[in-house]
*Asks:* 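Next up is a structure, given as structure tokens.
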Amino acid sequence: MGYYYDKKFKFSFKGKEKEKELPQYHENYYSSNISNWVIIKHYLRRSYIYIIFIILIIIICSYGYLPNKSNDNSLNEKFIQKLDKIIYNYYKNTTIPEIEDHLIIVAGHAISKTVTEIPTKIKDWNIKPFQTEEINTFLTHIATGILIAKYNKNSSIIFSGGQTQNIAGPLTEGQTYWYIANSMNWLNEKGIRKRATTEEFAKDSYENLLYSICRYHEFTGKYPKFITMVTYPFKHYRFNNLHRETLKYPEDKFQFVGITYNLVNSQNATSKIFPNKITDIPKDVPEFELKHSITNFQKDPHGCKGILKQKRIDRNPFNRFPSYTTSCPELKEIINYCIENKISNEIQWENL
């Protein structure tokens, strides 16, 4: 819906008194300047009302068009049924549901302002300008994680993401994702509520993976034998070929699920959402992903220096630090790598 200005539309204010006659021109220099000033004040008195009124109209229109913009294509029952069918058909043809100790990670990307309602409007989220069209995808990530857990009864699902925004206060990405799932009544599906929890310290994608493994250990007392990561499709190379490799987690025990709202209704959706393993950077990877993430993590796999370090500082406005070195002693060296800059022994995941 757009807004336009009609030149035929005029504002008019009728006063009870007649307009005062405009001051006459005087040849005297001093008097002339006074007259000019009086004329200016006269027009200002008349015009400021118009200006204020127009400004108010612009503010009202802008408020109605942007902050309260509805999520027009929100996740309805038909959409969820289609997504459910895609996920069901994929897993019925695999042996993954039989695997014990399966960790499903849903990486957070924003913080909702509400914990009791479904956030379907821009004003319901603490988001950056470039994320205003991503609300449906945030909700799709949550739904996908829940549905994968539905067909993998030996799994636990973790919503990961910390207190990354000052404006959001103590709320975390992981926490609000859990609340959204709860508001949509998804946690009651197949006893998922008992298998769902949050990880509330991750500040980037590397920590989404590492910290969720630690949180899983806290939650279940075990380390995962299989990991499914749910996030954006363009992060495939980053998660599978960089983060997973940095942790030396077995590639055959790692599944990447890349999904957006629009992808669900695309052709060959299943093969796009559940892609095959890759060895090289995809040709269609976005420039921002290559420049700001892949290139930096290739140089600095643990994210200890420069831009990656600064991002973690910026995304930790409340200076929170996890206790995972205590709860996950087997991973202490890799958790503390940015402090001690050494790893004595490679993690033997099959023995954990």
Side-chain angles (χ1 to χ4, degrees), residues 74-108 118 136-160 174 177-199 208-209 212-213 215-217 219-220 222-233 235-236 239-240 244 249-277:
S74 57
L75 279 66
N76 53 34
E77 184 177 354
K78 183 178 179 181
F79 178 88
I80 294 297
Q81 289 176 348
K82 187 167 187 177
L83 179 60
D84 189 312
K85 184 177 180 179
I86 290 172
I87 294 174
Y88 168 76
N89 287 334
Y90 174 80
Y91 282 105
K92 76 175 183 179
N93 295 316
T94 74
T95 59
I96 295 176
E98 300 171 11
I99 299 174
E100 298 284 344
D101 305 326
H102 180 178
L103 165 60
I104 301 167
I105 304 170
V106 177
I118 302 171
N136 283 326
T137 291
F138 299 156
L139 300 177
T140 300
H141 287 167
I142 298 168
T144 300
I146 292 291
L147 291 172
I148 292 174
K150 174 183 176 180
Y151 295 113
N152 290 268
K153 295 180 174 56
N154 297 319
S155 68
S156 293
I157 180 171
I158 292 180
F159 300 104
S160 174
Y177 274 36
W178 186 97
Y179 278 119
I180 292 169
N182 187 59
S183 297
M184 289 184 157
N185 204 35
W186 291 342
L187 294 178
N188 294 327
E189 183 74 37
K190 302 291 183 179
I192 293 174
R193 182 178 297 275
K194 295 180 180 179
R195 297 186 278 127
T197 188
T198 61
E199 186 291 306
N208 283 138
L209 179 57
S212 292
I213 292 172
R215 182 70 185 100
Y216 181 86
H217 184 260
F219 187 50
T220 67
K222 305 174 183 179
Y223 284 102
K225 300 300 182 184
F226 192 89
I227 296 175
T228 295
M229 172 61 68
V230 180
T231 186
Y232 280 91
K235 296 186 179 184
H236 190 181
F239 270 105
N240 184 72
R244 180 202 57 76
Y249 196 85
E251 187 173 19
D252 62 339
K253 304 297 183 183
F254 185 85
Q255 178 184 42
F256 180 86
V257 177
I259 189 168
T260 63
Y261 174 81
N262 292 332
L263 206 57
V264 174
N265 291 311
S266 66
Q267 291 185 343
N268 303 316
T270 302
S271 61
K272 295 176 182 177
I273 295 170
F274 298 95
N276 295 324
K277 305 294 183 183

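The first residue of the sequence shown is numbered 1, and numbering continues consecutively from there. Hydrogens, waters and symmetry mates play no part in the numbers below; they use all other heavy atoms, side chains included.
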*Asks:* Looking at CD1 of I192 and NZ of K153, how far apart are the two atoms once the value is rounded to the nearest 0.5 Å?
*Replies:*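 It comes to 9.0 Å.
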*Asks:* Does any part of the side chain of W178, heavy atoms only, come nearer than 4.5 Å to the side chain of R193, both counted from C-beta?
*Replies:*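 Yes, close enough: below the 4.5 Å cut-off.
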*Asks:* Heavy atoms only: give me the nearest G145-V230 pair and the separation to one decimal.
*Replies:*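 Here G145 and V230 meet closest at CA-CG2, 4.4 Å.
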*Asks:* Would you find more than 12 non-hydrogen atoms of other residues, nucleotides or ligands less than 6.0 Å from K85 atom NZ?
*Replies:*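 12 or below, so no.
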*Asks:* At their closest point, which heavy atom of I80 faces which heavy atom of A143, and how far apart are they?
*Replies:*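 Distance-wise, the nearest heavy atoms are CD1-CB, 4.1 Å.
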*Asks:* Which distance, rounded to the nearest 0.5 Å, do you find between the NZ of K78 and the CG of L83?
*Replies:*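 Between atom NZ of K78 and atom CG of L83 there are 14.5 Å.
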*Asks:* Does a side-chain heavy-atom distance below 4.5 Å link L147 with E189?
*Replies:*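 In short, these two side chains do not touch, never coming nearer than 4.5 Å.
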*Asks:* Do you see a donor-acceptor pair shorter than 3.5 Å between the side chains of Y151 and D84?
*Replies:*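 Side chains of Y151 and D84: pair found under 3.5 Å.
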*Asks:* Look at the side chain of T137 and the backbone N and O of Y261, then say whether any donor-acceptor pair between them is shorter than 3.5 Å.
*Replies:*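 Confirmed, T137 side chain pairs with Y261 backbone.
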*Asks:* Taking the side chain as C-beta and beyond, is there a heavy-atom pair between T270 and N89 under 4.5 Å?
*Replies:*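 No, too far: nothing below the 4.5 Å cut-off.
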*Asks:* Answer yes or no: is there a side-chain heavy-atom contact under 4.5 Å between M184 and I142?
*Replies:*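 Counting from C-beta outward, M184 and I142 never come under 4.5 Å.
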*Asks:* Can you name the closest pair of heavy atoms from K277 and E251 and give their distance?
*Replies:*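 Scanning both residues completely, I find the closest heavy atoms to be NZ-O, 3.1 Å.
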*Asks:* Can you confirm whether more than 12 heavy atoms, excluding those of N276, are under 6.0 Å from its CG atom?
*Replies:*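 No, CG of N276 has 12 or fewer neighbouring heavy atoms, counting only those of other groups under 6.0 Å.
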*Asks:* Report yes if some heavy atom in the side chain of T140 is under 4.5 Å from a heavy atom in the side chain of T260; otherwise report no.
*Replies:*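 T140 does not reach T260 side chain to side chain.
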*Asks:* Which distance, rounded to the nearest 0.5 Å, do you find between the OG of S271 and the CD1 of I86?
*Replies:*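 These two atoms lie 10.0 Å from each other.
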*Asks:* Hey, mind stepping through T231 and N208 against side-chain contact (heavy atoms from CB on, under 4.5 Å) and telling me if it holds?
*Replies:* CA-CA 10 Å; T231 186; N208 283 138; over 6 Å; no
*Asks:* I'd like to know whether Y223 forms a side-chain contact (heavy atoms from CB on, under 4.5 Å) with L103, so could you lay out the CA-CA distance, the side-chain angles of the two residues, the decisive distance to 0.1 Å, and finally the verdict.
*Replies:* CA-CA 9 Å; Y223 284 102; L103 165 60; over 6 Å; no
*Asks:* Minimum heavy-atom separation for D252 and F226, please, with both atom names.
*Replies:*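 Heavy atoms only, the tightest pair is O-CE1, 3.9 Å.
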*Asks:* Would a 4.5 Å heavy-atom cut-off, applied to side chains only, mark I99 and N154 as touching?
*Replies:*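 Not touching, per the 4.5 Å side-chain cut-off.
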*Asks:* To the closest 0.5 Å, what do you measure between CZ (R215) and OG1 (T220)?
*Replies:*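 Answer for the CZ-OG1 pair, R215 versus T220, is 9.5 Å.
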*Asks:* Quick one: does N240's side chain have a donor or acceptor within less than 3.5 Å of a partner on H236's backbone?
*Replies:*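 Looks like no, no N/O pair under 3.5 Å.
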*Asks:* Quick check for you: to the nearest 0.5 Å, what is the distance between I148 atom CD1 and I259 atom CD1?
*Replies:*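 The distance works out to 8.0 Å.
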*Asks:* Start with the C-alpha distance between Y91 and F274, add both sets of side-chain angles, then the distance that settles ring-ring contact (aromatic ring centres under 6.0 Å, His included), and finish with yes or no.
*Replies:* CA-CA 10 Å; Y91 282 105; F274 298 95; 5.7 Å; yes
*Asks:* Return the OG to CD1 distance between S212 and I158, rounded to the nearest 0.5 Å.
*Replies:*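 Result: 5.5 Å between the selected atoms.
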*Asks:* Search all heavy atoms of I157 against all heavy atoms of I146 and return the closest pair with its distance.
*Replies:*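 I157 and I146 have their closest heavy atoms at CD1-N, 3.6 Å.
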*Asks:* Under 30°, 30 to 60°, or over 60°: which ring-plane class applies to Y177 and F159, parallel, tilted or perpendicular?
*Replies:*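 Ring orientation, 0 to 90° scale: perpendicular.
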*Asks:* Test F79 against L139 for side-chain contact (heavy atoms from CB on, under 4.5 Å), laying out the working first.
*Replies:* CA-CA 12 Å; F79 178 88; L139 300 177; over 6 Å; no
*Asks:* So if I apply the salt bridge (Lys or Arg N to Asp or Glu O under 4.0 Å) rule between D101 and each of K253, K225, K222, which one comes out positive?
*Replies:*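 When salt bridge (Lys or Arg N to Asp or Glu O under 4.0 Å) is applied between D101 and each of K253, K225, K222, only K222 qualifies.
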*Asks:* For the pair F239 and F256, name the ring-plane relationship: parallel under 30°, tilted 30 to 60°, perpendicular over 60°.
*Replies:*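 F239 and F256: tilted rings.
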*Asks:* Is a side-chain donor or acceptor of K272 paired with a backbone partner of Q267 at a separation under 3.5 angstrom?
*Replies:*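 Confirmed, K272 side chain pairs with Q267 backbone.
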*Asks:* Please check if the side chain of R195 supplies one atom and the backbone of A149 the other of a donor-acceptor pair under 3.5 Å.
*Replies:*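 Yes.
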*Asks:* Are side-chain heavy atoms of H141 and Y232 found at a separation under 4.5 Å?
*Replies:*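 Heavy-atom side-chain distance check passes, below 4.5 Å.
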*Asks:* Can you give me the closest heavy-atom contact between P97 and T94, atom names plus distance?
*Replies:*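 That closest heavy-atom pairing would be CD-OG1, 3.5 Å.
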